[in-house]
Protein chains: 4
Amino acid sequence: MTGSTRGPNDPRRRERILDAALDVIAEHGAIKVTFRKIASAAGVPLGSLTYYFDDMQHLLTEAFTRLAESVSVRYGALLEAARTPEEAQEAVVEIICGKVWGTDRNLLLSYELYAFAARHPELTEVLRSWMHASRQSLARHFDPLTARALDALVEGFSIHNSVDARPTERADVAAVVRAVATPRTPPDGASR
Amino acid sequence: MTGSTRGPNDPRRRERILDAALDVIAEHGAIKVTFRKIASAAGVPLGSLTYYFDDMQHLLTEAFTRLAESVSVRYGALLEAARTPEEAQEAVVEIICGKVWGTDRNLLLSYELYAFAARHPELTEVLRSWMHASRQSLARHFDPLTARALDALVEGFSIHNSVDARPTERADVAAVVRAVATPRTPPDGASR
Amino acid sequence: MTGSTRGPNDPRRRERILDAALDVIAEHGAIKVTFRKIASAAGVPLGSLTYYFDDMQHLLTEAFTRLAESVSVRYGALLEAARTPEEAQEAVVEIICGKVWGTDRNLLLSYELYAFAARHPELTEVLRSWMHASRQSLARHFDPLTARALDALVEGFSIHNSVDARPTERADVAAVVRAVATPRTPPDGASR
Amino acid sequence: MTGSTRGPNDPRRRERILDAALDVIAEHGAIKVTFRKIASAAGVPLGSLTYYFDDMQHLLTEAFTRLAESVSVRYGALLEAARTPEEAQEAVVEIICGKVWGTDRNLLLSYELYAFAARHPELTEVLRSWMHASRQSLARHFDPLTARALDALVEGFSIHNSVDARPTERADVAAVVRAVATPRTPPDGASR
DNA sequence: TATGAATGAGCATTCATTCAT
DNA sequence: CATGAATGAATGCTCATTCAT
């Protein structure tokens with residue numbers, strides 16, 4: 001009674017399709033996405049896809065939007081849990097090293113998203129919201145510039161660590177985060 | 001008769017094809033690359049492509065390799081020119097803000113490259129060399145961990161700045177670079 | 001509950017659908033008619049069409065029948081109004097040149113009808129009735145053979161005039177009609 | 001040796017495709033033409049069609065042009081053979097009744113052509129040339145207005161005869177043709 | 001009685017790839 | 001050595017039709 005799997009009303013089907021699309025992109029690359037692969041991954045008939053989505057571009061746009069939002073949420077959750085500046089720094093380190101969003105899958109999807117967004121302006125806004133949300137999460141604990149810097153660091157380290165044969169170790173990442181995050185008085189008032 | 005109007009040997013043709021491939025990727029996205037588009041962009045006959053390259057995957061692999069090397073060179077050149085730590089820091093800021101490699105085109109191509117490389121192991125090595133070269137260039141002026149951190153910062157800021165409606169200003173970037181680059185005595189003598 | 005905003009009985013809906021079908025054919029060509037276009041043009045829900053009509057073929061058959069009848073009526077009306085042989089001839093000229101039925105729209109629809117009818121025998125009868133009605137209208141004023149001839153002339157001139165960059169002028173059409181319509185004694189008393 | 005059926009050079013393939021297209025239209029109607037049907041009728045691979053023709057519209061345009069030209073030629077040939085005014089009139093009667101071009105197939109195709117041309121301006125010119133050629137052929141024997149009238153008569157009678165259960169008999173057609181073609185002095189100078 | 005959500009068969013078209021020259 | 005004509009497999013997408021409500 002709690003919802004047949006195929007009835008005329010399957011309100012979760014849209015979401016299933018979007019998740020399947022991300023799965024297919026993650027597995028084969030956006031370069032090889034096809035309606036047929038998505039339909040098969042989602043376990044829905046081919047005609048469903050164009051019934052729910054005007055065309056592939058719209059489908060991908062929604063799928064990537066969904067990705068950005070879900071990653072964003074997890075990013076924020078970790079920082080929200082932090083209670084002290086030290087915990088906040090630790091959260092950043094965890095985001096970088098603990099693969100909170102930097103799963104290979106998510107990282108991969110984010111490359112595809114960046115590439116796709118560069119050609120589809122409607123996704124630029126999604127990207128901006130995502131970045132803005134990350135910075136806001138960081139801004140609960142750090143000043144705005146530091147928030148920007150840490151966000152950039154998360155991006156850069158995540159990418160490089162995924163490529164690196166010997167990723168930067170957690171303690172080292174922590175040291176860098178501390179350097180960026182700790183305010184300090186210039187040594188002798190010299191520079192700038 | 002043995003080729004009067006067009007010499008049978010056109011040694012630059014391979015390179016022309018690879019550059020054309022990058023142009024096509026930059027313009028249409030890897031998702032829409034076709035032999036026809038590349039051939040037309042390079043001004044070579046269609047048959048040329050499969051004559052010089054076994055298939056599209058090989059062609060793209062070489063094209064991306066070419067991209068990585070050329071970007072790498074420019075990155076290194078800027079740092080090599082620095083004579084003092086301050087100049088080195090300034091070079092890093094310039095790389096981030098001056099769009100030395102972070103041209104929209106290059107950035108875009110790098111997303112495509114990352115996405116492509118994630119699925120083609122032979123490119124992982126190319127990516128590693130690229131990253132290694134960057135770090136080596138930085139290591140002329142900074143200790144290894146700082147080099148890694150700055151490299152990550154370059155990556156992250158470049159990406160975020162290209163998305164940001166109001167990119168981080170040069171002075172602010174400089175401040176962050178200084179914070180990462182300036183060695184200091186740890187508060188209580190602990191790490192490193 | 002039994003249909004407050006829209007009565008469950010919408011007797012004109014069938015007709016609206018048929019008219020919309022003709023509009024769609026006139027606009028897009030029979031080659032591109034779809035249920036969706038018709039439903040949208042008629043302002044009725046998609047399900048309506050297959051509710052009222054078994055399938056597209058039946059719908060088109062009825063639509064074309066409707067067309068034939070309405071055109072036929074106008075043709076007849078003009079001839080019925082004529083009181084003298086001269087007025088009858090003038091009516092024929094008017095039908096040809098005044099675009100009584102030879103509207104571009106009707107002409108266009110008649111091509112589609114002819115093509116459709118050639119493949120759907122049930123429409124042959126409709127076509128015959130149409131032709132028969134036209135001839136009957138003409139037969140009020142002319143002998144049977146002249147009626148046939150004038151009817152053919154209407155058909156042919158209408159088509160040719162719609163294609164012609166410089167259609168045959170009204171006076172010339174009138175002369176031809178007169179030549180066909182005016183009985184005369186054969187040169188040497190032979191034929192007929 | 002006189003040409004393998006499938007070699008890389010099959011210069012007649014274009015024409016075969018066009019003829020096959022006309023066959024398919026004649027058999028199924030333009031409304032049901034598909035590349036697959038044409039390819040199969042022509043005995044060529046599916047990919048051939050879009051290799052030789054940019055798209056279906058271009059293919060149909062060429063096919064209809066071919067039709068118009070071939071019909072035009074036969075029409076002209078019959079009239080060219082006539083040596084006296086009487087023979088010319090007889091040729092016209094033959095064109096109408098003898099199914100010179102008014103084959104059911106050709107008639108059918110001409111309906112489709114008219115419908116198609118109404119929506120594809122590039123065919124209007126083809127139609128005009130066709131009509132012009134017919135009139136020129138007639139103008140070898142008749143004055144310009146009579147040529148126009150006879151051409152309209154051919155068109156109209158051909159169509160009506162193909163619909164009619166009892167087509168107008170040859171002798172009657174001949175009488176009408178004579179009435180149109182024979183110049184005469186107005187009975188008593190009255191009319192007009 | 002009337003609807004619109006859902007589907008699968010079929011379509012035009014694209015394109016990497018092959019291969020005769 | 002180099003080419004471009006030719007092909008067939010696959011793609012995104014359309015749509016008549018079905019059917020639960």
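Just so it is clear: chains get the letters A, B, ... in the order the sequence lines come, proteins before strands, and each one is counted from 1.
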### Query
Along nucleotides 13-18 of chain E, 5' to 3', which nucleotides get a B, which get an S, and which get a -, given that the test is a protein heavy-atom distance under 4.0 Å?
BBBBBB

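- For the pair D:F53 CZ and F:dA5 C1', the interatomic distance rounds to 15 Å; values are reported in whole Å.
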### Query
Would you write out the dot-bracket form of DNA chain E, 5' to 3', with Watson-Crick and G-U pairs under 3.5 Å, [ ] for crossing pairs, | for pairs to other strands and . for unpaired bases?
.||||||||||||||||||||

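- The minimum heavy-atom distance between A:V126 and A:A68, with the atom names listed, is CG1-CB, 3.7 Å.
- Between the CD1 atom of C:I17 and the P atom of E:dA2 there is a distance of 11 Å, rounded to whole Å.
- When all heavy atoms of B:L127 and B:A117 are compared, the closest pair comes out as CD2-CB, 3.5 Å.
- Atom pair C:I31:CD1 and F:dA16:P shows a separation of 14 Å (rounding to whole Å applied).
- Separating the NE2 atom of D:H28 from the C1' atom of E:dG10 is a distance of 14 Å, rounded to the nearest angstrom.
- Taking atom CD1 of C:I38 as the reference point, atom P of F:dC15 lies 12 Å away to the nearest angstrom.
- Between E:dT7 and A:R13, a contact under 4.0 Å exists linking OP1 or OP2 to a side-chain N or O.
- B:I17 pairs in a side chain to side chain contact (heavy atoms under 4.5 Å, CB included) with only one of the listed residues (B:E15, B:R14, B:R13), which is B:R13.
- Atom CG in D:L59 sits roughly 16 Å away from atom P in E:dC11 (whole-Å rounding).
- In this structure, A:S48 reaches the E:dT7 phosphate: one of its side-chain N or O atoms is under 4.0 Å from OP1 or OP2.
- Remark: P of F:dA5 and CG of D:L49 are 17 Å apart, rounded to the nearest angstrom.
- Applying the side chain to side chain donor-acceptor pair (under 3.5 Å) criterion to C:R119, with sequence neighbours excluded, gives D:E112.
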